[in-house]
Amino acid sequence: MIRLATMTLGLLFCIKEGHEKSIAVGLIFGKIFGYMEGSVPVLVISDLDVIQEIFVRKFDHFYARKLTNMLHGDMENSTEEPIVNLFVARGSRWKRLRALASPVFTVNSLKKIHPTMEDSILVMMNHLEQNVNGQGINIHEYFQELTYDVISRLAMGQPDSQLFNNPGIQVTKAVFMRTHRVLPWYLAVAFPKYQFQIKKLFINHENVRGGDIGQIFMFCAKSVMSRLQERVSCFARTNGMGVFQAENAKLGVENTERDFIDMFLNFYSETAVEDTEFGTAIEKKVNAEDVIGACFVFLLAGFDTTANALAYAAFLLARHPEKMRLAQEEIEKCCLSESISYDDTTKLKYLDSVVKEALRLYPIGWFACSRECVASTDVGGIRIEKGTMIEVDVMAVHRSKEIWGDDADDFNPERWLNPKPRHTMSWIPFGAGNRQCVGLKLGMSEAKTTLAHLLRKYNIRTGPDTEEKLQLLGCTTTSPKSVTIYLEPRF
Ligand code: HEM
């Protein structure tokens, strides 16, 4: 529906007839079709080989992501666009930011931040306990509070949990519901060559100034700067991280890695590193703008996605009590102490399948699963010209009977336990290739730890107010309007 609405903007043109018809838009137009977004050609793809070629093999022709808000200059040019973040950056600027961000999401790093995440989960469990009274609850709201709390603690140096008391959550939620279809945007899609000039012309427009996004950025900047000042009190007087740490030790400041800010500061030296792909040296010295940009993008990318994944999983478990019991039995077997460690979650194979299956049936970040062609090339027998946008119809891929069988629309976690060999592009809720979601492991581990705590204590049930079918909303991600479940204490 969302994609169909977008299409009303432009002229639809079929490039290639579909082979086997799939569901969603692919059912109507085939595995590769195109439409015009103003004067910008957009190809919508659900052909797995073509997705693989664009996202993996021909990355150097498709290293940029299609952006919703087209009011920007050249993202590769730091004079036109001085501030970028990992999500919007491209070319060597993206490469540098990705190199800075990746170590924060290794297993080792995730183990270090796991206690903070679990602490927020336990605070959420306390809130639930006080509100479980036989009535239906909208569990999506609890999950949004939780994931916002976790990411605020990890990315913005918030010292303690502020669940249900977090001032930034309303404005951040609104970002995912607002539309970008405003006058300057229409002009920018009609005249893409003049985007930067249009941006300058409308510099006072709410959407150009950043509006709520700008507010969140300022909030991140303030939080990160105060955290940096605390950490970097002696950094300015030193030359290099080793000296920095020694100086901090003298001052009695601990060098433990409590959050992403600590990790950014500890990971990087001032040495430039040769970037083989783009043939340039990338500067690894981390600066305040890097930390603010990274934390800002983690806040936006990590909050809503993980909350939605949890809400979909809870809805599916409520509707399938027999699967819920299997997940509970596994949790009892694998999680033997009160606290659920990162290592415990890696043993939860059935729960892992539950989350994977929820993300298959309800892919969240399809809008991010896109590319821009930066150099003309041929893919799958089609000439794709520079400037063409690529969107993957993730829903059509994930619900294709050709790929998943006749039960493609059913919730069947068992399909993951002894999986049949499948095309690597057949499950892509986190995207694919070099720009695949950097927070994949964090999102999965947060979802599993939360569900493990929840299922250990409660049975999740449907009731009179539980939705028959979820109403899906959103402009940048796909969120359920509400997920009403009933919690029944187990012991
Ligand atoms: C269930 C949870 C999540 C889902 C479904 C999800 C989905 C996605 C998708 C589809 C993409 C685009 C990938 C591509 O273009 O190939 C993406 C990119 C990204 N995600 Fe996630 N994400 C999740 C959690 C997170 C978390 C927890 C974080 C960080 C805290 C995060 C940070 C990012 C960033 C920074 C990018 C851009 C990566 C780049 O361009 O290099 N995501 N995500």
Side-chain angles (χ1 to χ4, degrees), residues 45 51-52 54-56 59 62-68 75 84-91 93-102 104-105 109-110 113 117 143-144 146-148 150-156 176 220 259-260 263-264 290 293-313 352 354-372 389-395 397-398 424-425 427-451 474 476-479:
I45 294 174
I51 297 172
Q52 187 159 37
I54 290 175
F55 278 66
V56 183
F59 179 71
F62 297 94
Y63 58 68
R65 182 171 285 120
K66 172 182 188 278
L67 302 176
T68 348
M75 289 293 184
V84 286
N85 60 54
L86 182 54
F87 194 82
V88 298
R90 45 178 71 188
R93 295 181 93 189
W94 165 77
K95 187 83 184 168
R96 174 177 177 275
L97 293 177
R98 183 83 187 201
L100 289 173
S102 296
V104 165
F105 296 98
S109 303
L110 294 180
I113 57 167
M117 180 205 290
F143 291 147
Q144 284 182 314
L146 168 70
T147 58
Y148 193 85
V150 169
I151 207 70
S152 299
R153 293 176 76 177
L154 296 184
M156 294 200 292
F176 292 92
C220 281
D259 56 29
F260 292 159
M263 289 180 186
F264 278 125
D290 292 331
C295 293
F296 166 73
V297 85
F298 294 162
L299 174 75
L300 287 181
F303 146 69
D304 182 67
T305 46
T306 315
N308 293 344
L310 276 162
Y312 294 129
D352 192 68
V354 165
V355 180
K356 281 186 176 148
E357 190 68 346
L359 287 171
R360 183 182 70 80
L361 290 169
Y362 298 101
I364 293 156
W366 58 265
F367 131 82
C369 210
S370 63
R371 294 290 181 267
E372 178 181 331
M389 303 293 172
I390 310 291
E391 289 180 348
V392 176
D393 191 346
V394 183
M395 188 63 110
V397 172
H398 282 193
T424 47
M425 296 294 124
W427 185 75
I428 45 171
F430 294 98
N434 293 0
R435 289 201 82 149
Q436 191 185 41
C437 176
V438 76
L440 186 160
K441 285 200 197 92
L442 174 63
M444 287 299 283
S445 105
E446 191 173 349
K448 283 193 281 178
T449 316
T450 307
L451 288 173
T476 44
T477 52
T478 315
S479 308

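All residue numbers in this chain count up from 1 along the given sequence. When a ligand or atom number is given, it counts from 1 through the structure's own listing order.
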statement: Note: L86, heavy atoms under 4.0 Å from ligand 1, region reported as both

Heavy-atom proximity to atom 33 (C) of ligand 1, best of G443, A447, A301, A89: A301

- prompt: Any idea which of G302, A101, S370 brings a heavy atom closest to atom 27 (C) of ligand 1?
  reply: G302

task: Go through ligand 1 atom by atom and flag the ones less than 4.0 Å from a non-hydrogen atom of R435.
output: 13 (C), 14 (C), 15 (O), 16 (O), 38 (C), 39 (C), 40 (O), 41 (O)

message: For the backbone of E391 and the side chain of S370, can you confirm whether one donor and one acceptor N or O come within less than 3.5 Å of each other?
response: no

- prompt: Numbering the atoms of ligand 1 from 1, which are under 4.0 Å from a heavy atom of L442?
  reply: 27 (C), 30 (C)

query: Can you tell if the side chain of F59 reaches within under 4.5 Å of the side chain of R435, non-hydrogen atoms only?
result: yes

query: Looking only at heavy atoms of R371, does any of them come nearer than 4.0 Å to an atom of ligand 1?
result: yes

query: Does T450 reach the main-chain N or O of E446 with its side chain, forming a donor-acceptor pair under 3.5 Å?
result: yes

field: Check: R65 and F87 side chains under 4.5 Å, non-hydrogen atoms
entry: yes

query: Does any N or O in the side chain of S102 come within less than 3.5 Å of the main-chain N or O of A99, such that one atom is a donor and the other an acceptor?
result: no

query: Considering only heavy atoms of A432, which atoms of ligand 1 have at least one such atom less than 4.0 Å away?
result: 16 (O)

query: Of all the heavy atoms in I428, does at least one lie under 4.0 Å from an atom in ligand 1?
result: no

- prompt: Are the side chains of D304 and Q144 in touch, meaning some heavy atoms are under 4.5 Å apart?
  reply: yes

- prompt: Is ligand 1 under 4.0 Å from a heavy atom in the side chain of C437, in the backbone, in both, or in neither?
  reply: both

query: Heavy atom under 4.0 Å from ligand 1: found in R98's side chain, backbone, both, or neither?
result: side chain

message: When you measure from the heavy atoms of W94 to every atom of ligand 1, does any distance fall below 4.0 Å?
response: yes

- prompt: Under a 4.0 Å heavy-atom limit, does I151 contact ligand 1 with its side chain, its backbone, both, or neither?
  reply: side chain

task: Using a 4.0 Å heavy-atom cut-off, say whether M444 meets ligand 1 through its side chain, its backbone, both or neither.
output: neither

task: Kindly indicate whether the side chain of D290, heavy atoms from C-beta on, has any atom under 4.5 Å from the side chain of R96.
output: yes

query: Are any non-hydrogen side-chain atoms of Y312 and T478 less than 4.5 angstrom apart?
result: yes

